[in-house]
Amino acid sequence: MPLLLPHTLALIALLPLVGFLLNGFFATALGGHRANERVAGIIGCAFPIAAFALTIKAFLDLQAGGFAPIVEPLYRWALIGTSSFEIAFYFDRLSAIMTLVVTGVGSVIHIYSTGYMHDDKSFGRFFAYLNLFLFFMLLLVLGRSMLVLFVGWEGVGLASYLLIGFWFDDLTNAKAGRKAFITNRIGDAGFLLGMFLLYRAFGTLDMDTINGAFLTGSGAAMLVPASLVGLLLFIGATGKSAQIPLYVWLPDAMAGPTPVSALIHAATMVTAGVYLTVRMSGIYMMAPEASQVIAVVGVLTAFFAATVALVQTDIKKVLAYSTVSQLGFMFLALGVGAYGVAIFHVVTHAFFKACLFLGAGSVIHALGGEQDIRKMGGLRTKIPLTFWTFAIATAAIAGIPGLAGFFSKDEILWYAFASAKGGAPWLWGIAALTALMTAFYMFRLLWLTFMGASRMSHEVEHHVHESPVSMTGVLMLLALLSAGGGYIGIPHFLEAQIPLPPVVERLEHYEHTLLIVSIVLAFAGLGLAVFMFGGPTSRPEAIKQGLLPVHRLLSGKYFVDELYDRVIVKPLVWFSDVVLFRGSDKLLDGSLNGLASLAQRSAGLLSRVQSGSLHVYALMVMVGIVGAVLWSWRHV
Amino acid sequence: MSVVALISAVLMLVTREPMRVALALITTMVMLGGIYGLLGVHFIAAFQVLIYVGAVMVFMVYVIMLLEVREAPGNTRYSRWLVPGIAAFAALVGVLGISVYRSNAEILALPGGGAFSLTQFSAAFLSQYWLEFELTSVFLVAAIVAALAVIKVSRRAHG
Amino acid sequence: MDRVSLLLWLSGALFSLGLLGVIVRRNALVMLMCMELMLNGVNLSLVTFSQQRGDAAGAVLVFLVFVVATAEIALAIPIVLLLVRFKRSMDIDRFSDLKG
Amino acid sequence: MNPQDALLAMLPEHLLLGGMVLLIVMGIVGRGARSALWVALGAVVASCTAAFWLSHAQFSAEPFAGQFSVTPAVLMAKGALLALAVPVLLMSRTEFSDGEFSILLLSSLYGLCLLPSSDSFLVMFLGLELLAMPVYALVLLAFRRPQSAEAAFKYLVLSGAASATFLMGVSLLYGATGSMSVSAFGPALASGDIMTRTAVVLVLLALFLKAAVVPFHAWAPDTYEGASIPVTAYMATLTKGAVLLAAVRLFSGVNVSGSLAQLLMVLPLVSIVWGNLAAIKQHSFRRMIAYSSIAHAGYLFYAFLGDADGRLQAVLFYVVAYSVTNLLAFAVLPQNDTDDQRDSLDALKGLYHRNPFAAAMIAIAMLSLAGLPPFPGFAAKFLIFKNVVAAGYTTYAVLGLVGSYLGIYFYLRVIQLLFMTAGEAAPSERPAGGTARVAGVLCLVGTLVLAVLPGWVLGAL
Amino acid sequence: MSEFTMGPMLLNLLLWLPMVGVGLVLLVARANDTRSRTISVAIMTLQFALATMLYRQFDATASGLQFATHLPWIAQWGVSYLIGLDGFNILLVLLTAFLGPIVVLGAWTSIKKDVPLFHVMVLLLQFAMMGAFVAQDLFLFYLFWEAMLIPMFLIIGMWGGARRVYATLKFVLYTAFGSILMLAAVIYLVHSLQLSSGVMSFAFADLYRSQLPLSVQTILLGAFALSFAIKVPMVPLHTWLPDAHVEAPTAGSVILAGVLLKMGTYGFMRLGFPLFPDAARAFTPLLMTLAVVSIVYGACLALVQTDIKKIIAYSSISHLGYVMLGLLSVELVGIQGAIIQMVSHGLVAAGLFLLVGMIYDRCHTRELAAYGGLARLLPVYSVFFMIFTLASVGLPTTSGFTGEFLALMGAFTAAWPAHLDGNQLPLVLAVIAVTGVVLGAMYMLRFALTFLFGDVKAPHHTPEHPLLDLSVREKSILGLLVIAVFALGLFPDGALQKTELAAKTYQSLVTTSRTPAGSPAGVTP
């Protein structure tokens, strides 16, 4: 590979880090005054864009090399006994796609942010964090060894923690960030165990080696049950990618600035779990049970999240739950062995969900911070650019034919139905129903926000204005991608590396029927939404009254947060505080003090014996003599 | 004779007036002197009578007369520890007695009577034990100095 | 019971009586005399043995005891005088300031 | 018995005696109460050097057959103890102006010297009496408070009882073995005869009484508190050491076993625990030291469980280490007008801020007495318990160590008073007198030597 | 090879330098605060320079002692002045020397009374700790081990908080109890070595050859383990730690957490397990359980503390549990992880205690509830705080990750085969230990949340007299620590290579049975 710089991949990862350091230094040293907002913005955007450029170059190198994986060792982290932990980067078709998405979408969102975060008092800090996130995300997707991947894995968690709590003066934001971090940590614990298990078996953490070993079924791979490893890693994935039961942090994560939601909690970070599973597909191919679990969890997540999204009134919350739902789809695909398809959906989802979030951001920006869709409406005319891009993205996610979402989602449904590796009609059934709901709630969102009459208060309405070009431009670009992204044949691109699962023969002829069905479902959803929200407002109210308990359950998000709080958090704190701290700890301490006071008391006793009376002393002597002599006779 | 010694010794503890106690002690000592005499070590008996009765007890008696301290009337004779004391005393006597009685040292079986004369004694004393003789003198010197010191102190305390 | 044992009994008894005296009598002078009694008891046994043995060592020790006893009395008497001077009493129970 | 031997063998004693005589003459001539101290000091130093020199010259002789003999080891022991007497004399300067103190101290030292080299009970008896008798007077001598008389009386009566017990034992032993020689004691230990057994025990208990081992310790706290600083120092260190040397002399060459060994385990163990516990609540410094000395008597008698050949070394090393640090504490103790103030622990509150040197010295002394490394007290304890373990009494070694743990608290309490408690000086408080401070420095040097070069010291002993 | 002839001299210099400092302070700075500060910081820095020099010269490939000095000291007992460096102590020596100047600088302004004495004590403590690490002779080790108590006793007792006397007495009496039993064990061990082999020696190397029946090993290890477990401290012997930490002055806490606690784990690694391998194997289930209990227990308690110093104190208990876990795994990875975790905890806990001390100097309260929104008020302070928090949570790229990751990995790799053999306990424990990672995040982030975020709230902070952010001095010492933390997190390899041989030695010592032939425990499972 003559064109390859010695350390292109390292450079890709490190450029954002430089950006972070520079911005971080300025932000803390100079307190991030407006004066250097320009500087911060330029620094913040330049490095990601450069990274994107380099990625393209690396991709060309990869192509030039006939898509032979590029391995780029950096340095040895540790050598213990015979097993060495290398810091090395690995660039193949999969990581190429992910890197492109991350740097590409990342860059545009940076640009968007310069407009969105304008006049924020810690502008510099924001870009520092954003760059930090990119750095870790790139480590995650470029790492060769699970160690590097894990570094990125936890790193993005940190970045998301910092960014969710970015406006930390409001404690709820900080709390949301903490929730995200800790929930992720729970997943990471599983991830760690999986990693240890693999290390135990192979003495290394290089993922290509491990995959190969599992695929060829070589000796070491037999030491550990693939399903166990698969499940442990999947626990990690559920944390990062917001699957049942660990999805609870994602909706709260919306507390962060909207670009963050777009970049981290829609486009890139949350798909890390999917990436991990695909990366480790070697294991999952050997672990049908684990795959089954993944499929089920995925489809259930998709379904439940969609149901919750039906009734949300916060624009970002709707998008958040839809993200969870879409991630569910991806895991469904993974579960049935359609890894390429999952990645395909990752990409398309990155495009349209980013577009949706940024659009939402633009709306919020326009309304000066308002997020409640019940207080919106009729924005179509006021901010047309935002509207049109938003509409396209909505159509895409709803699966309107021809748009990006349509292709990827349709393939998922198809493999859920027909894959020889765990595909099943009932999976398809739930997934299809979910697709219907997706279309419905997305168009509901679109209608309530942009269509109909305005429900805004006057002064808000007065200030409404279209966002600056830095934002709208990005929106248009993303809208374009969400429209055309579906024509990139990612599954087939990846097939060379990760084959798609075979299809059960007797089901093959259903393919077109299902295609029709899913198209019908998409339009059904659209129609339903228009029917309900296009007409008089009394109509949704009536239905709501009709299904009140259901509505309460859904708007209460099945009360999962409350459940966790009651069942896990509160008991833990109570146990620590009452049982351990006030209980055993005090007990241990008390017993010691008891001994001490015992010594004190005995001291008092002894000094009372020393009564000062000569008689007593003499008596003691006499008794002592008698006793001693008698004792000494014992062996006579 | 030994019986008398014992009784008068007991009397020592029973009588209240220090003077009477002194007298009882003197009796005991004289009796012991007698015993020594019977045992045939006459010079020890002589020492006993001369030094103890002659010197020590006279001194003692003199002191008693010197300070005619009126003891508070009533039962101030015994300390609170009379009963345990007596118990321990009984035990001690028993212990010592048994250790003599149950012992099988040949000496107790010896006929004895191998009494030795003053000449033997003094010969031994001045040949074999003359170190002790010297040391005794040192000891007495020290004792005198000590006594003087104490008296000096009591004078200082007085004035 | 032969003579030696008897005398040893006696000496033991005198010794113990002396100690008992220290325990039960409250008069300082009486205590001193009781100490003398102890020493006398010891002397008795010493004399007995040395007479039994027919060798002078015991007697010499007795002699030393005389000397020591005398000296001790010579030293003890002034101390007692001192005590009496403070508390106008020879009752040893009054002298228990040092304790604890 | 050639006179030259007699002269050399008893050279230390002779020098002490010479000092006494000289002092008495000066006393009679009635001049030089000032210089009395220096004369005594000269005598002690001279006899100490003599002892060291003789022991260095490997001198050993038996001038009085069966009565008195010296060996290099014994001479070394004498020398060491005499050396310890130097600081005592130095610190006495502030308390005693007149000559009696010196004379009495010298005579007591004379008795001390007799003990380790006595071959017959007669000499040992005289030694014990000569050791103790002047101390009765000394207790009274610095007559600061009426309690001194009481203290002296208690000491006199109980140690009189001790002498009587000792004699009783001796006489029974004499009856059983027909010999007054100390060497008869060793075999008697093993004898099955009940009278012998009683005799041995009585002798042992008499030593316990003199060394203040529970339950024969009761005189010590009262007497120490009633006495004056230098005398307490003397009693706590040298007298105890001398008694222990006498015990070593008695047990020389014998490994104890059977019920005797049990006595030697149990009573010392009890006194370790007793002393360390009772010391916790004291308010008088001297009384606290008394209890600590009771505990230390316990450790010292532990040494008798060990093998015979290492015993003298262990005991002597312990006595030296313990005495040096003890004297260190006494030497730097600040002066006060009333004895109570000088003696009370409360007077030590916040001493560090008034007199850092004294505070530091006392702290070092306390830590060493507590047996915490790197101070000499630790090495000494280590040696003793090492011997005990080597003799196979591991359990008792552990118990003894745990007992010594109980002691740590009250030593630390003193340090806490010195450094961590706020307190203001009594109006009359003055730093210790010049000579006393010299004594302190001497002891400090000794402490450091023992701490840094224990190997060298052990080699010398 | 001149440096290898120089080496021993350098090591001795390194060890005795603090005593020189003590002498200097006593001579020229008895009454001069600033001068005493300067002297001790100069001495400490010099010592650190020496330590780094030795670290660089240390030959990772050479087995056995390096820069060793061996002089007979108490020949009668076979005690010798034997010091030297090897993989066991090299990192800890470096850590101790590194923290030295940081401690002094950290206490620059916060110690106001009796400054010279304070520095004397700190120097003495430094001497004792350094000695305990470099000692290669059991007697010498015990000497230093005990000698550490005294300066610490005074540091807490004289410059501590309100209940300082109680805390310091508790600390000393608690630790002294362990040491007493250890002393008994030492005596017995040496004695039995002499009986069996005729060698009268306290040198570790000789003691490693001692042959003892399992029963004896068990008792002796019990004594040693008690003493070490108190120092570590392992639950349930930990109750002295919170009090000591809370009452100690900042410098005291830093030394305590930074170095003193490592003594316990170092003791286990250097003496406890290698001296009595068979008993160690017998103890492993118990100790491993205790280690995991400590991890969880400490974390849970840290979760509910309202005193900011106590949070860190309990977190120490939790973190040292990982060290024990790694040591007990007897897997190379685990051992190496344990060593790194020791150093890492030294750095992180030191940093956190310094930070807490700095805020305490400004606001004079340790109540967590009294604070809030410091990130807005003291940005630089908060950045440092965040970094150390994350290091304590064990976030990758920080030293905390390296330690925890390797230690846990060791525990797990050791547990898996046991699980396959049907012994589930190690696996269960390893899994529980991993959950400690979550708990760690919970309590530290709770701390950070209330401390840094939300509405601005700080005692003694008024608009006209706002709290001052970190001074240059504070920034620089924290900066040093941060550099070390990241260095150990990103490039642990160098350090690991230095300790590799020691870890292997430990492994072989612990895994080979040393019961005298014929005794039942002779066969190793």
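In what follows, every chain begins at residue 1, and chains take the letters A, B, ... in the order their sequences are listed. Only a predicted model underlies this, so the values are computations on that prediction, with no experimental measurement involved.
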*When rounded to the nearest 0.5 angstrom, what is the spacing between CD in D/Q262 and CH2 in A/W631?*
5.5 Å
*asked:* Quick check for you: among D/E150, D/K281, D/Q282, which has the greatest number of heavy-atom pairs under 4.5 Å with chain A?
replied: D/K281
*Could you give the distance from CG (D/L277) to OG (A/S607), rounded to the nearest 0.5 Å?*
10.5 Å
*Is the closest side-chain donor-acceptor distance between A/W633 and D/S259 under 3.5 Å?*
no
*asked:* Taking side chain as everything from C-beta outward and backbone as N, CA, C, O, which of these in D/L202 sits under 4.5 Å from a heavy atom of chain A? Side chain, backbone, both or neither.
replied: side chain
*In residues 155-173 of chain D, which residues are in contact with chain A at a heavy-atom separation under 4.5 Å?*
D/V157, D/L158, D/T165
*Give the member of D/V201, D/V266, D/L209 that has the highest number of heavy-atom pairs under 4.5 Å with chain A.*
D/V201
*Please flag which part of D/Y291 lies under 4.5 Å from any non-hydrogen atom of chain A: side chain, backbone, both or neither.*
side chain
*Can you tell which of A/A618, A/G624, A/G627 has the highest number of heavy-atom pairs within less than 4.5 Å of chain D?*
A/G624
*Side chain, backbone, both or neither of D/F410 within contact of chain A (heavy atoms, under 4.5 Å)*: neither
*Taking atom CZ of A/R566 as the centre, report whether more than 12 heavy atoms of other residues, nucleotides or ligands fall under 6.0 Å from it.*
no
*Find the distance between CG (D/N276) and CG (A/L606) and round it off to the nearest 0.5 Å.*
11.0 Å
_Using every non-hydrogen atom in the two residues, find where D/D222 and A/G612 come nearest and quote the distance to one decimal._
OD2-CA, 3.8 Å
*Which atoms form the tightest heavy-atom contact between A/Q610 and D/A218, and what is the distance?*
NE2-O, 2.7 Å
*Structural part of D/L263 lying under 4.5 Å from a heavy atom of chain A*: both
Extract all donor-acceptor atom pairs below 3.5 Å that involve side chains of residues 210-217 of chain D and protein atoms in other chains or at least two apart in sequence.
none

*Could you name the residues of residues 589-603 of chain A that have a heavy atom within less than 4.5 Å of a heavy atom in chain D?*
A/A599, A/Q600, A/S602, A/A603
*Could you tell me which of A/L614, A/V623, A/L630 has the largest number of non-hydrogen atom pairs under 4.5 Å with chain D?*
A/L614
*Using a heavy-atom cutoff of under 4.5 Å, enumerate the residues of residues 152-172 of chain A that contact chain D, numbered in order, or state 'none'.*
none
